[in-house]
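First up is the structure itself, then whatever we jot down about it.
Note that ligands are numbered from 1 as they come in the structure, with each ligand's atoms numbered from 1 the same way.
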Amino acid sequence: MYTGTTKNLAVIGYPIAHSLSPVIQNTALTGAGLDYAYIAVSVVPEELPAAVAGLRAMNFRGWNVTIPHKSAIIPLLDEIEPAAAALGAVNTVINDGGKLIGANTDVTGFIEPLKARLGETALRGKNAVILGAGGAARAVIWALLSAGIKAITIAVRNPKKAEPLAGEFRSLDKEHFSGGTLIAAVDWTGEDYLKALDHCHLLINATPLGMAPNVEVSPAVDWQRLRPEAFCYDIIYTPAVTGFLSQAVRHGHPALNGEEMLVGQARAALEKWTGCSGDKEAMLKALRNALKK
Ligand code: NAP
């Protein structure tokens, strides 16, 4: 029951009707008995400054930010946490008594399920291959650098486009982490990609290839070259088993989809707003039920 004391949370984006965040967050809030309500708000790009001013004026405790506002919102905030600043993307805003702080919880959402499976320090000194070089890949690269990975190969269809990203993260590695990680962009039809698969401990699909409704396509992977113990992580969550993941499982690799990343970024945001991260299993169940509809 919402009352006069209920505190407000939201997700803003355009379009927003597809967002699963209200289902996930309200499940957590209700389960934890927290007096908050979480709503989805459609905000067209030209109204973003007015919307942010309005949310601040109405004393919303915080909100998630999705496409197309993740970068555009940065100049409208008072403070940006280091990961969000480095990535140039905010997915969570915390309203700290009128001071708006931007954060990026995709990083935590991505890395926590991996650490839960492989161990807190298991990525140190390991080699990762990331397929794709878009917004999600940026959060993945930051997370892997923070976990002490030794080498990152970014495999894409257009390496000329991805090389500036590799260069940017070589600089960010020097500025924020060890500075010793090898980061390269390669053509996923070339020999350098195959060599990277030979030494790969962690293979991540950060492209939309295989996402519904285009479930019949998959990123290019030579499964004969991939080390048998390599962990395969597809950050897509619809369908739950993509072509990439079903191939990975068929070849005997440990595998994970993007459901826990989605719930993980939501839990990290909730923790920032309320101090409580919510019941992970209940949130996953709510997500899976919503995806069935
Ligand atoms: P994005 O910014 O559009 O980047 C997509 C990347 O994939 C780019 O490198 C792009 O290459 C490549 N790509 C796209 N279509 C391709 C195709 N047909 N063939 C080859 N490469 C292609 O997308 P994003 O925001 O990074 O999201 C990527 C995926 O991650 C989406 O499926 C999204 O749903 C998922 N995701 C999941 C979570 C989660 O919480 N689980 C969070 C964020 C994103 P070009 O630059 O050459 O186009």
Side-chain angles (χ1 to χ4, degrees), residues 11 13-16 18-21 23-25 64-72 83-84 87-92 103-114 129-144 152-166 168-169 183-190 193 203-221 232-245 255-270 280 283-284 286-288 290-291:
V11 55
Y14 185 77
I16 200 65
H18 66 283
S19 176
L20 297 165
S21 293
V23 168
I24 299 170
Q25 295 287 16
N64 285 126
V65 183
T66 188
I67 291 166
H69 304 315
K70 286 185 173 190
S71 301
L87 298 174
V90 160
N91 80 332
T92 300
N104 189 306
T105 65
D106 284 334
V107 173
T108 305
F110 169 79
I111 205 75
E112 289 304 322
L114 260 188
V129 175
I130 304 173
L131 305 166
R138 295 176 69 84
V140 168
I141 298 170
W142 180 274
L144 293 177
I152 299 173
T153 303
I154 306 161
V156 289
R157 62 178 167 183
N158 183 354
K160 279 206 178 101
K161 201 170 153 190
E163 179 46 45
L165 177 96
E168 185 188 337
F169 275 92
I183 307 173
V186 302
D187 184 335
W188 70 18
T189 61
Y193 170 49
L203 176 64
I204 301 144
N205 178 29
T207 75
L209 290 169
M211 187 168 74
N214 301 314
V215 295
E216 72 292 347
V217 289
S218 289
V221 178
C232 296
Y233 190 170
D234 195 333
I235 65 168
I236 291 173
Y237 50 85
T238 167
V241 183
T242 57
F244 170 84
L245 281 189
L256 176 67
N257 72 14
E259 290 173 344
E260 288 190 41
M261 177 176 173
L262 184 67
V263 165
Q265 61 78 31
R267 296 182 78 229
L270 195 60
K280 180 177 161 189
M283 293 164 86
L284 273 170
L287 167 65
R288 289 176 186 140
L291 287 172

Verify [atom]: protein non-hydrogen atom under 4.0 angstrom away:
atom                    : result
atom 23 (O) of ligand 1 : no
atom 19 (N) of ligand 1 : yes
atom 10 (C) of ligand 1 : no

- Just distances here: any N/O of M211 and N/O of ligand 1 closer than 3.5 Å?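 Between M211 and ligand 1 (N or O atoms, distance only) the closest approach is not under 3.5 Å.
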
- Query: Do R157 and ligand 1 have an N or O pair less than 3.5 Å apart?
  - Reply: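 Such a contact does occur with ligand 1.
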
At a non-hydrogen distance cut-off of under 4.0 Å, which region of [X] contacts ligand 1 (side chain, backbone, both, or neither)?
X    : answer
P219 : neither
I236 : side chain
L209 : side chain
Q265 : neither
M261 : both

- Item | atom 3 (O) of ligand 1: nearest protein contact (heavy atom, Å) |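 The closest heavy atom on the protein side is P208 CG, 5.0 Å.
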
- Task: If you have a sec, work out which protein heavy atom is nearest atom 29 (C) of ligand 1 and how many Å separate them, to one decimal?
- Result: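 Ranking protein heavy atoms by distance from atom 29 (C) of ligand 1, first comes T207 O, 3.7 Å.
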
- Message: Show, in sequence, the C-alpha distance, side-chain angles and deciding distance for Y193 and V221, and conclude whether the side chain to side chain contact (heavy atoms under 4.5 Å, CB included) test is met.
- Response: CA-CA 9 Å; Y193 170 49; V221 178; 3.8 Å; yes

Numbered atoms and elements of ligand 1 in range of [X], under 4.0 angstrom, heavy atoms:
X    : result
K161 : 45 (P), 46 (O), 47 (O), 48 (O)
A136 : 24 (P), 25 (O), 26 (O), 27 (O), 30 (O), 43 (C), 44 (C)
G135 : 2 (O), 26 (O)
G258 : 41 (N)
G132 : 9 (O)
G134 : 2 (O), 4 (O), 6 (C), 8 (C), 9 (O), 26 (O)
L262 : 40 (O), 41 (N)

[X] vs [Y] side-chain heavy atoms within contact, under 4.5 Å:
X    : Y    : value
L87  : F169 : yes
L131 : L209 : no
F110 : I204 : yes
T66  : S19  : no
I152 : I141 : yes
T207 : R157 : no
E260 : K280 : yes
K161 : V156 : no

- Item | Stepwise side chain to side chain contact (heavy atoms under 4.5 Å, CB included) check, R138 with N104 | CA-CA 11 Å; R138 295 176 69 84; N104 189 306; over 6 Å; no

- Message: Before you tell me yes or no, could you show the steps for L256 and L245 under side chain to side chain contact (heavy atoms under 4.5 Å, CB included), namely the whole-Å CA-CA distance, both residues' side-chain angles and the distance that decides it to 0.1 Å?
- Response: CA-CA 8 Å; L256 176 67; L245 281 189; over 6 Å; no

- Query: Taking the minimum heavy-atom distance to atom 28 (C) of ligand 1, which of A206, A266, G264, P159 ranks first?
  - Reply: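 Comparing heavy atoms across A206, A266, G264, P159, the nearest one to atom 28 (C) of ligand 1 lies in A206.
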
Is ligand 1 less than 4.0 angstrom away from at least one heavy atom of [X]?
X    : answer
W188 : yes
I235 : yes
A133 : yes

- Message: For the residue pair T242 / D234, report whether a side-chain donor-acceptor contact shorter than 3.5 Å exists.
- Response: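 Yes, side-chain donor-acceptor contact under 3.5 Å.
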
- Stepwise side chain to side chain contact (heavy atoms under 4.5 Å, CB included) test for N64 and Q25: CA-CA 11 Å; N64 285 126; Q25 295 287 16; 3.7 Å; yes

- Message: Return the CD1 to CZ distance between I236 and F244, rounded to the nearest 0.5 Å.
- Response: 9.5 Å

